[in-house]
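The structure that follows is given in the form of structure tokens.
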Amino acid sequence: MNSSSDRSGEVRGEAKRAAARAGDHPVVEWGARLGYGASGVLHLLLAYLTAQIALGGGGQQEASQSGALATLAEKSFGQVLLWVLAVGFTLLALWQLTEIVTRHEASDKAKAGGKLVVYSALAWTAFTFASGGSTSSDQQTKEFTATLMEAPGGRVLVGLVGVAIIGIAAYHVHKGWRERFLGDLQEHPGRWVVIAARVGYIGKGIALAAVGILFVTAAIQQRAGKAAGLDGGLRSMRDLPAGTVVLLAIALGLAAYGVYSFARARYARI
């Protein structure tokens, strides 16, 4: 028993050391910083599409990750930049994988796991558009919700997804307001970056909250079509009192988050 446990411990230790070496590799570190830069481009495009919805001109592209990448694909330089984004998101996802292995706290592992899923999905979407294909984040969300709704206890599961998204939204607002993002950086980036990060995290949190509310509404009304991704959440806010103002504020927040992402590419603790 002891011999078996010792061997198992040695294997886990070697796996952690290998993951740590991979995470510290210059290519992975450079790639992770490229990934944060890619996130900056993505959020600036999302800000543009959100502003278009606010001003009544957002009918062609979704204000979502896929919509932002589709907008980029239409530009003359778009295909090249899409490949750069795809590589950046892939390497950023790889770095998150090494974080899962090397981190000791369960909460840190969970955060890294969530980011691994997000960046992997972004990498796949970017590769899809770079290869000449297309996809719809909003449609995928509706299909996922419909499938979930048909499962045993589906309404509860959809509602829990909504509550989880609202929780993530609240975390973003809290992280921005209390400047907790400074812990992600290796040095203080300067006051202008801090201001951009605060505005960005809060704006992104509000946008995510709208998505979470749509999921909860879909669960209550038992209508999968009510659930939608970021695009649906933003469009649902347009007809609210002062909806245009709120959407423009969210667009400003997403743009600010994009600016912060560029700064994070330089200052991130990797």
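Owing to the predicted nature of the structure, the values given are computational and were not obtained by experimental measurement.
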- Do you know the tightest heavy-atom contact between G200 and A256?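 Closest approach of G200 to A256: N-CB, 3.8 Å.
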- Item | Nearest-0.5 Å distance that lies between atom CG in L208 and atom CD1 in I213 |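 So the gap between those two atoms works out to 11.0 Å.
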- From CD1 (I53) to OG1 (T244), nearest 0.5 Å: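 The OG1 atom of T244 is 11.0 Å from CD1 of I53, to the nearest 0.5 Å.
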- Task: Kindly state each residue pair satisfying side-chain hydrogen bond (donor to acceptor under 3.5 Å, both in side chains) with at least one member in residues 110-130, sequence neighbours excluded.
- Result: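 As it turns out, there is no side-chain hydrogen bond (donor to acceptor under 3.5 Å, both in side chains) pair with a partner in residues 110-130 once direct neighbours are skipped.
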- Message: Strictly by salt bridge (Lys or Arg N to Asp or Glu O under 4.0 Å), give each pair with a member in residues 39-54 just once, sequence neighbours left out.
- Response: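 Sorted pair list comes back empty.
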- Item | Non-hydrogen atoms of I100 and G113 that approach each other most closely |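 Distance-wise, the nearest heavy atoms are CD1-CA, 3.6 Å.
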- Query: Which is it for I202 and H172 under the side-chain contact (heavy atoms from CB on, under 4.5 Å) test, yes or no, and what are the steps along the way?
  - Reply: CA-CA 6 Å; I202 293 171; H172 274 72; over 6 Å; no
- Message: For the CZ atom of R235 and the CG atom of L247, what is their distance to the nearest 0.5 Å?
- Response: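 So the gap between those two atoms works out to 10.0 Å.
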- Item | Verify same cluster id: L34, L81 (apolar side-chain graph, 4.5 Å) |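 Linked, L34 and L81 end up in one cluster.
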If you look only at distance, which donor and acceptor atoms sit under 3.5 Å apart when one is on a side chain in residues 82-93 and the other is two or more places apart or in another chain?
from	atom 1	to	atom 2	distance (Å)
T90	OG1	A86	O	2.7

- Query: Nearest heavy-atom pair of V193 and A263: which atoms, and what distance?
  - Reply: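 It is CG1-CB, 3.6 Å.
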- Item | Between CG on residue L72 and CG on residue L44, distance to nearest 0.5 Å |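 One finds 11.5 Å between CG of L72 and CG of L44.
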- Hey, what do you get for CG (L55) to OG1 (T50), rounding to the nearest 0.5 Å?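 Answer rounded to 0.5 Å: 11.0 Å.
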- Message: Suppose the criterion is salt bridge (Lys or Arg N to Asp or Glu O under 4.0 Å): which pairs have a residue in residues 32-43, not counting sequence neighbours?
- Response: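 Sorted pair list: E29-R33.
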Anything under 3.5 Å between a donor and an acceptor, one on a side chain of residues 178-192, the other on a protein residue two or more places apart or in another chain? List them.
from	atom 1	to	atom 2	distance (Å)
D184	OD2	K175	NZ	2.8
H188	ND1	G190	N	3.1

- If you take all heavy atoms of Q79 and G132, which pair is closest and at what distance?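 Minimum heavy-atom contact is NE2-N, 4.4 Å.
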- Excluding sequence neighbours, so at least two apart, what forms side-chain contact (heavy atoms from CB on, under 4.5 Å) with E99?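 side-chain contact (heavy atoms from CB on, under 4.5 Å) list for E99, sorted by chain: W95, Q96, T102, R103, A112.
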- If you group Ile, Leu, Val, Met, Phe, Trp and Tyr by side-chain heavy-atom gaps below 4.5 Å, do W177 and L254 land in one group?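 Shared cluster, yes.
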- Task: Hey, could you give me each pair passing side-chain hydrogen bond (donor to acceptor under 3.5 Å, both in side chains) that has a residue in residues 250-262? Not counting sequence neighbours.
- Result: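 As it turns out, there is no side-chain hydrogen bond (donor to acceptor under 3.5 Å, both in side chains) pair with a partner in residues 250-262 once direct neighbours are skipped.
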- Task: Report whether F262 and V194 are members of the same hydrophobic cluster (ILVMFWY, side-chain heavy atoms less than 4.5 Å apart, transitive linking).
- Result: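 In one cluster with F262: V194, no.
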- Query: To which residues is Y171 joined in a hydrophobic cluster, defined by side-chain heavy-atom contacts under 4.5 Å among Ile, Leu, Val, Met, Phe, Trp and Tyr, whether direct or through other members?
  - Reply: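 So far as hydrophobic clustering goes, Y171 is joined with none.
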- Rounded to the nearest 0.5 Å, what's the gap from CD1 on I206 to CD1 on I250? Could you check?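 Answer for the CD1-CD1 pair, I206 versus I250, is 6.0 Å.
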- What are the two closest non-hydrogen atoms of G37 and A265, and how far apart are they?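 Residues G37 and A265, closest heavy atoms: N-CB, 3.9 Å.
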- Residue pairs fulfilling salt bridge (Lys or Arg N to Asp or Glu O under 4.0 Å) with at least one residue in residues 156-169, sequence neighbours excluded: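 Sorted pair list comes back empty.
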- Examine L42 and V259 and state if one hydrophobic cluster contains both, with Ile, Leu, Val, Met, Phe, Trp and Tyr joined whenever side-chain heavy atoms are less than 4.5 Å apart.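 No; tracing contacts between hydrophobic side chains, which count when under 4.5 Å, never links both residues.
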- Would you say V199 and V246 are hydrophobically clustered, going by side-chain heavy atoms of ILVMFWY under 4.5 Å?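 No, no single cluster joins them.
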- For A47 and A251, which heavy atoms make the closest approach, and how far apart are they?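 Result for this residue pair: CB-O, 3.2 Å.
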- How would you list all residue pairs meeting side-chain hydrogen bond (donor to acceptor under 3.5 Å, both in side chains) that involve residues 198-210, not counting sequence neighbours?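 Sorted result for residues 198-210: H43-K204.
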Which pairs would a plain distance check flag for residues 150-170, meaning a side-chain donor or acceptor within less than 3.5 Å of a matching protein atom at least two apart in sequence or in another chain?
from	atom 1	to	atom 2	distance (Å)
R155	NE	A219	O	2.8
R155	NH1	Q222	OE1	3.4
R155	NH2	A219	O	3.2
R155	NH2	I220	O	2.7

- CZ of F127: more than 12 outside heavy atoms within 6.0 angstrom?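 It does: F127 CZ has more than 12 such atoms within range.
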